[in-house]
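Notes follow once the structure below has been shown.
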Amino acid sequence: MIEPLRAVRDGYLLTLIIGTPGQVIQVYMDTGSDLTWVPCGNLSFDCLDCDDYRNNKLIGTFSPSNSSSSFRDTCGSSFCIDIHSSDNSFDTCIEAGCSLSTLLKATCSRPCPSFAYSYGEGGLVAGTLTRDNLRVHGSSPYITKDVPRFSFGCVGTTYREPIGIAGFGRGVLSLPSQLGFLQKGFSHCFLAFKYANNQNISSPLFMGDTATSSSDNMQFTPMLKSPMFPNYYYIGLEAITVGNVKSAEVPLNLREFDSQGNGGMLIDSGTTYTHLPEPFYSQLLSMLQPIIAYPRATDVERRTGFDLCYEVPCPNNRFTNDPFPSITFHFMNNVSLVLPQANYFYAMSAPTNSTGVKCLLFQSMDDSSYGPAGVFGNFQQQDVKVVYDLEKERIGFQAMDCAAAAISQGLHKN
């Protein structure tokens with residue numbers, strides 16, 4: 001399979017075609033969750049604390065009543081049991097009001113009870129599990145295939161989650177799991193941020209054999225298994241090099257888990273920026289500051305919340321490749337990923353008076369011992385081919401011009 005991903009201001013959108021006839025909904029691709037959900041109800045969908053998105057035209061809604069193939073999932077389905085995280089498979093059907101005789105025979109077909117699904121950043125969605133036809137693309141954008149009885153969340157109310165999400169984790173609910181690709185894997189090549197909202201070009205997302213057939217320059221780091229979050233993708237960070245100077249050894253919790261399963265570095269397409277724990281994050285800032293000669297743009301730092309912003313010269317009001325120090329991430333198994341400069345120092349706005357401002361787009365991890373110790377976000381994955389080789393339990397990186405890769409796959413309109 002190959003699917004186009006559209007770059008927007010904080011992530012990458014996958015187009016889902018659901019129902020009979022097909023309804024087109026755009027959702028975020030998210031490797032940091034399992035559930036695929038879409039906003040449901042043209043007038044009734046309600047997003048709380050989503051003021052930034054009030055005028056956002058990306059929000060499409062799904063109407064089950066307009067699809068002849070739509071139906072509620074049942075209480076006894078593996079998807080219903082999974083989303084309610086029940087220890088006892090009877091619980092969801094008891095909540096649905098099934099009789100004891102149908103429970104014992106596993107024949108109750110009552111609807112799956114409504115669910116609530118939470119995200120690590122505090123987002124929350126509530127809805128019902130629904131099944132319907134999903135149309136996907138085959139080996140080219142012009143070949144389609146229908147997947148019947150695809151299970152997804154039909155969501156009427158959310159908190160801080162204005163746009164639907166396609167979960168790419170390893171749980172039974174995830175999109176790759178339901179399509180049968182968890183035995184193989186998937187890969188993506190995210191377009192650079194300058195292509196955000198460009199309708200004429202899309203990032204390529206591959207699933208299946210093509211995704212994991214690696215090229216000679218692909219470097220693979222082992223996928224770490226978190227006992228707390230076994231469905232998500234973790235890698236181990238060993239060091240960061242700034243220029244030619246290797247950082248102090250990173251804390252162990254960026255490549256190991258404690259007895260409760262906390263730690264590790266989550267690789268997450270649904271988080272925009274890379275987050276690093278303190279005091280390691282501050283050490284990185286202290287390595288960068290002495291070797292950058294540009295004046296600080298402290299007003300932009302206050303306004304944006306980023307920690308290092310600089311005024312850079314822009315001859316003829318055009319940004320150039322400024323001599324910022326290189327940044328290299330060193331992952332386990334001797335994998336070294338040199339970040340493209342646009343992946344860490346990025347222009348905040350168009351230049352004026354031959355001057356512009358660029359900021360370091362890393363952030364400090366929330367001060368919490370719960371969950372991952374760090375997150376490798378989608379902004380730092382741009383212009384890098386990332387391969388999730390689930391068969392061999394490894395993640396591969398290769399620097400690549402993702403726009404050229406998109407053109408080669410026919411994901412570009414002239």
Side-chain angles (χ1 to χ4, degrees), residues 30-33 119-121 168-170 190 219-289 306-308 325-340 343-344 360-382 384 386-390 392-399:
D30 183 19
T31 57
S33 65
Y119 292 89
E121 315 82 51
F168 270 69
R170 305 182 78 172
F190 289 154
Q219 301 179 80
F220 285 97
T221 188
M223 206 180 279
L224 306 183
K225 287 189 177 179
S226 164
M228 180 186 288
F229 302 110
N231 293 349
Y232 307 139
Y233 307 104
Y234 284 84
I235 50 180
L237 182 67
E238 294 189 319
I240 294 179
T241 298
V242 174
N244 297 319
V245 180
K246 203 162 192 178
S247 69
E249 191 76 11
V250 305
L252 277 174
N253 66 352
L254 277 171
R255 56 187 182 276
E256 291 182 2
F257 302 103
D258 66 16
S259 56
Q260 281 79 46
N262 302 297
M265 187 170 217
L266 183 72
I267 177 167
D268 185 11
S269 68
T271 297
T272 309
Y273 307 116
T274 289
H275 289 66
L276 297 169
E278 292 290 4
F280 180 64
Y281 174 72
S282 292
Q283 291 172 15
L284 179 65
L285 300 186
S286 64
M287 291 177 68
L288 285 162
Q289 285 173 282
F306 292 114
D307 292 300
L308 290 184
S326 62
I327 294 182
T328 305
F329 276 61
H330 302 275
F331 298 110
M332 293 172 70
N333 201 34
N334 294 319
V335 170
S336 296
L337 178 62
V338 182
L339 296 182
N343 288 23
Y344 53 100
L360 177 71
L361 300 191
F362 290 171
Q363 292 182 324
S364 174
M365 193 74 184
D366 288 340
D367 188 19
S368 169
S369 57
Y370 178 83
V375 180
F376 194 56
N378 66 50
F379 200 90
Q380 279 66 47
Q381 298 174 47
Q382 294 171 354
V384 177
V386 181
V387 174
Y388 291 74
D389 186 342
L390 303 182
K392 296 182 179 175
E393 303 274 317
R394 58 186 189 167
I395 290 179
F397 298 101
Q398 182 184 357

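Note that these values count all heavy atoms, side chains included, but never hydrogens, waters or copies made by symmetry.
For the pair Arg255/Ile235, no side-chain contact is recorded, criterion being any heavy-atom separation below 4.5 Å from C-beta on. Residues Ile240 and Ile327 form a side-chain contact, since some pair of their non-hydrogen atoms from C-beta on lies under 4.5 Å apart. Residues Phe329 and Val338 are not in side-chain contact: their nearest non-hydrogen atoms beyond the backbone lie 4.5 Å or more apart. Looking at Leu224 and Met332, their side chains come closer than 4.5 Å, going by heavy atoms from C-beta outward.
Summarising the geometry, atom CG belonging to Leu254 is positioned 9.0 Å from atom CG belonging to Leu252; distances are rounded to the nearest 0.5 Å. One distance of note links OG1 of Thr271 with OH of Tyr119; it measures 12.0 Å at 0.5 Å rounding. Distance check: Ser269 OG to Tyr233 OH gives 9.5 Å after rounding to the nearest 0.5 Å. Interatomic distance, CG of Leu361 versus CG of Leu339, reported as 11.5 Å (0.5 Å rounding). Here the OH-CG distance, from Tyr232 to Asp268, works out to 9.5 Å after rounding to the nearest 0.5 Å. Atom-to-atom distance recorded for Leu266:CG and His275:NE2 is 11.5 Å, nearest 0.5 angstrom.
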Review point. Can Leu288 and Leu308 be said to form a side-chain contact (heavy atoms from CB on, under 4.5 Å), step by step?
Key: CA-CA 9 Å; Leu288 285 162; Leu308 290 184; 4.0 Å; yes

Exercise for review: I would like to know whether Ile395 and Val386 meet side-chain contact (heavy atoms from CB on, under 4.5 Å); could you show each step before the answer?
Suggested key: CA-CA 7 Å; Ile395 290 179; Val386 181; 4.1 Å; yes

Exercise for review: Given side-chain contact (heavy atoms from CB on, under 4.5 Å), test Tyr370 with Met228 step by step and report yes or no.
Suggested key: CA-CA 10 Å; Tyr370 178 83; Met228 180 186 288; 3.9 Å; yes

**Study point:** Residues Val375, Met365; criterion side-chain contact (heavy atoms from CB on, under 4.5 Å); working and verdict
**Key:** CA-CA 8 Å; Val375 180; Met365 193 74 184; 3.9 Å; yes

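In this structure, Ser226 has no side-chain hydrogen bond (donor to acceptor under 3.5 Å, both in side chains) partners at least two apart in sequence or on a different chain. By the side chain to side chain contact (heavy atoms under 4.5 Å, CB included) test, Lys225 is found to be paired with Glu393, residues two or more places apart in sequence or in another chain being considered. Annotation: side-chain hydrogen bond (donor to acceptor under 3.5 Å, both in side chains) contacts of Gln380 (sequence neighbours excluded): Thr274.
When atom types are taken as modelled, the side chain of Thr31 and the backbone of Ile267 share a donor-acceptor pair closer than 3.5 angstrom. Proximity of a side-chain donor or acceptor of Gln283 to a complementary backbone N or O of Met287 within less than 3.5 Å is not detected. At least one donor-acceptor pair closer than 3.5 Å links the side chain of Asn343 to the backbone N or O of Gln382.
Nearest heavy atoms, Tyr344 versus Pro325: OH-O, 2.9 Å. Minimum heavy-atom separation, Val250 to Glu238: CG2-O, 3.4 Å. Of all the heavy atoms in Phe376 and Gln381, the pair that sits closest is O-NE2, 3.1 Å. Here the closest heavy-atom approach between residue Val335 and residue Phe220 is recorded as CG2-O, 3.2 Å. When all heavy atoms are compared, the tightest approach of Leu276 to Met265 is CD2-CE, 3.8 Å. Closest heavy-atom contact between Asn334 and Gln219: O-OE1, 3.7 Å.
Between Phe257 and Tyr234, the angle of the ring planes goes over 60°, which puts this pair in the perpendicular group of the 30/60° scheme.
Annotation: Asn333, atom CG; neighbour count of heavy atoms from other residues, nucleotides and ligands within 6.0 Å is above 12.
Thr241 and His330 form a side-chain donor-acceptor contact under 3.5 Å, judged by distance and modelled atom types alone. A donor atom on one side chain and an acceptor atom on the other are not found under 3.5 Å apart for Tyr273 and Asn378.
Aromatic ring centres of Tyr388 and Phe168: separated by at least 6.0 Å.
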